> 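I have a structure I would like to understand better, so I am pasting it below and will then ask my questions one at a time.
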Amino acid sequence: MARVGGGRLAGMVTAVAKKTEKPLVRLRTRGAGEALLLSEVLAFRRRLMQWYEEHARVLPWRGVSDPYRTWVSEIMLQQTRVAAVIEHYHAFLAKFPTLVSLSLAPEASVLAAWSGLGYYRRARMLHKAAQFIVRELGGVLPGNSIDLKTLPGIGEYTGAAIASISFGESIAVVDGNVERVLLRVTGRPYVSTAAGKKFVHEQAQALVPKKKLSVGVNAAGDHNQAMMELGATVCLPKGPLCGACPVYGLCETKGEHGSAPRTMQRSLPASYLLSLRKRGTVTEVLLSRRSAEVSLMAGMLELPPLPETVVAGREPLLRLRHAITNTNYYVQVFAARGLKDKKMLQAVLAEPEQLEWVRTSRLASHPLTGLARKSLQRLDVMEVRKVRMEGIERALAVEVSPAAFEDGLELDDY
DNA sequence: GAACCGTGGAA
DNA sequence: TTTCCAAGGTT
């Protein structure tokens, strides 16, 4: 790794030094932290694309021709793992197959389809943008990065991604993958400044093919996806697989690089109530709607939260971990049981008007928080409920007595 | 420019 | 159990 003289041979060298004299032509080298040379750019592109053709993962949004679908995939992929997106991508597009259908949908149904993906503002902005496009742009997604960026939820990265992938525009995407690859290849240390960002963008742009090579071949779009693919599958944040890297020979660091400091995580307990009731053949679950004012998951539905003081010493139905930003929540879900739980039921941290009963068969159409969705599925209240539902109902639903809610919770005809 | 916005799988 | 962090954008 250590190099003397601060440079690595780059490109072809034709001049030969005479014996006791200086070279006729100085060897062209690139020092740590410097930009790629032109000869390296061409080699980088070629090696990257050859690798990509062989190793590209098959992903649902690869090879789609509908810009709307590319748009949806790019919004979903923001700060979100591929595996999580795959779980939602098909269902979302089955529910909203076209830009127009999305624009006509109620926001709650869009959020319901987004449940579990997180960053719900993305779904709201996607929805808003679709409505704007239908209302103002004739229902056609803008065809270049400049105009795309005027839409809510589409910034620097996403504008470039859609423009290059859908329309072949020669503009570089810079996501976390691309940044990491370029910092390692050039050996420039990470700095969180505008200058640092500028360097990475310039490098990225220098590498993007200028034009489409031919009809049916999207050089820029494929190149951008290849850069991200390299970062995602080879140039990993920790333990990069340098042995499999197509541009290892062009890389300054061979995997070493600094990264941005991150904020410390903390752990907190959190408790929720599971309360079920049966009305004829219909089973309902009590949910609490988060205020429209809160910044986190505004207006979405969750299990009624309980204070830690009231659950002390009780045995939960379910324990799970749930991470929200920098906090690991160690979550417990409790069932209401009998009269002595009047205390627990009254302790629910929600106003009566926030509470609502939702038919378990219709949970998927409500904007549940990820935690509520996960808990309800884990408890077999949501989705698979044929087999174990009876046991759950006997244990839980029957125990919710009207007396427990006499403080205005309005359980009409339980 | 910094803070904020969700999630879950892997190590 | 705790840490890490992913195809970012908005305010």
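This is a predicted model, so every value here is computed, not measured. Proteins get letters first, then strands, A, B, ... in listed order; numbering begins at 1 in each.
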> Using whole Å, what does the distance between atom C1' of nucleotide C:dT11 and atom CE of A:M125 come to?
11 Å
> Kindly compute the distance separating OH (A:Y248) from NZ (A:K254), expressed to the nearest 0.5 Å.
5.0 Å
> Taking salt bridge (Lys or Arg N to Asp or Glu O under 4.0 Å) as the cut-off, I'd like each qualifying pair that reaches into residues 295-306 of chain A, sequence neighbours left out, listed once.
A:R290-A:E302
> Could you work out the separation of B:dA2 and C:dA7 based on their C1' atoms and round it to a whole Å?
23 Å
> As an exercise, state the distance from OG1 of A:T70 to CG of A:L141, rounded to the nearest 0.5 Å.
9.0 Å
> Hey, could you give me the SG/CE distance between A:C235 and A:M228, rounded to the nearest 0.5 Å?
14.5 Å
> To the nearest 0.5 Å, tell me how far A:E284 CD sits from A:L286 CG.
9.5 Å
> Nearest-Å distance, CG (A:N177) to P (C:dC5)?
13 Å
> With a non-hydrogen cut-off below 4.0 angstrom, is A:R57 in contact with a base, only sugar-phosphate, or nothing?
base
> Whole Å only: how far is the NZ atom of A:K238 from the C1' atom of C:dA6?
13 Å
> Output one letter per nucleotide in nucleotides 2-11 of chain B: B when a protein non-hydrogen atom lies under 4.0 Å from the base, S when only the sugar-phosphate is that close, - when neither is.
---BBBBBB-
> In whole angstrom, give me the gap between the P atoms of C:dG9 and B:dG8.
22 Å
> Once you measure the plane-to-plane angle for A:W71 and A:Y68, does it fall in the parallel (<30°), tilted (30-60°) or perpendicular (>60°) bin?
perpendicular
> Please report the distance, rounded to the nearest Å, between CH2 in A:W71 and P in C:dG9.
14 Å
> Using a 4.0 Å heavy-atom cut-off, does A:S267 contact any base of the nucleic acid, only the sugar-phosphate backbone, or nothing at all?
sugar-phosphate
> Does the pair A:E229/A:R62 count as a salt bridge with the N-to-O cut at 4.0 Å?
yes
> Can you tell me the distance, in whole Å, between the CG atom of A:L126 and the C1' atom of C:dG9?
13 Å
> Which is true for A:M264 with a 4.0 Å heavy-atom rule: it touches a base, it touches only sugar-phosphate, or it touches nothing?
nothing
> At under 4.0 Å between heavy atoms, what does A:W61 touch on the DNA or RNA strands: base, sugar-phosphate, or nothing?
base
> So what does A:R180 touch, heavy atoms closer than 4.0 Å: a base, only the sugar-phosphate, or nothing?
sugar-phosphate
> What is the distance, to the nearest angstrom, from the CD atom on A:E74 to the C1' atom on C:dG9?
14 Å
> Using a heavy-atom cut-off of under 4.0 Å over every strand shown, decide if A:L59 touches base, sugar-phosphate, or nothing.
base
> Between atom OH in A:Y190 and atom C1' in C:dC5, what is the gap in whole Å?
13 Å
> Should A:L137 and A:P142 count as side-chain neighbours, where that means a heavy-atom distance under 4.5 Å?
yes
> Which comes earlier along DNA chain C counting from the 5' end, the contact point of A:K149 or that of A:V82, where each point is its nearest nucleotide?
A:V82
> Atom CG of A:D175 to atom C1' of C:dA6: distance rounded to whole Å?
9 Å
> Using the C1' atom in both, what is the distance from C:dC4 to B:dG6, to the nearest Å?
15 Å
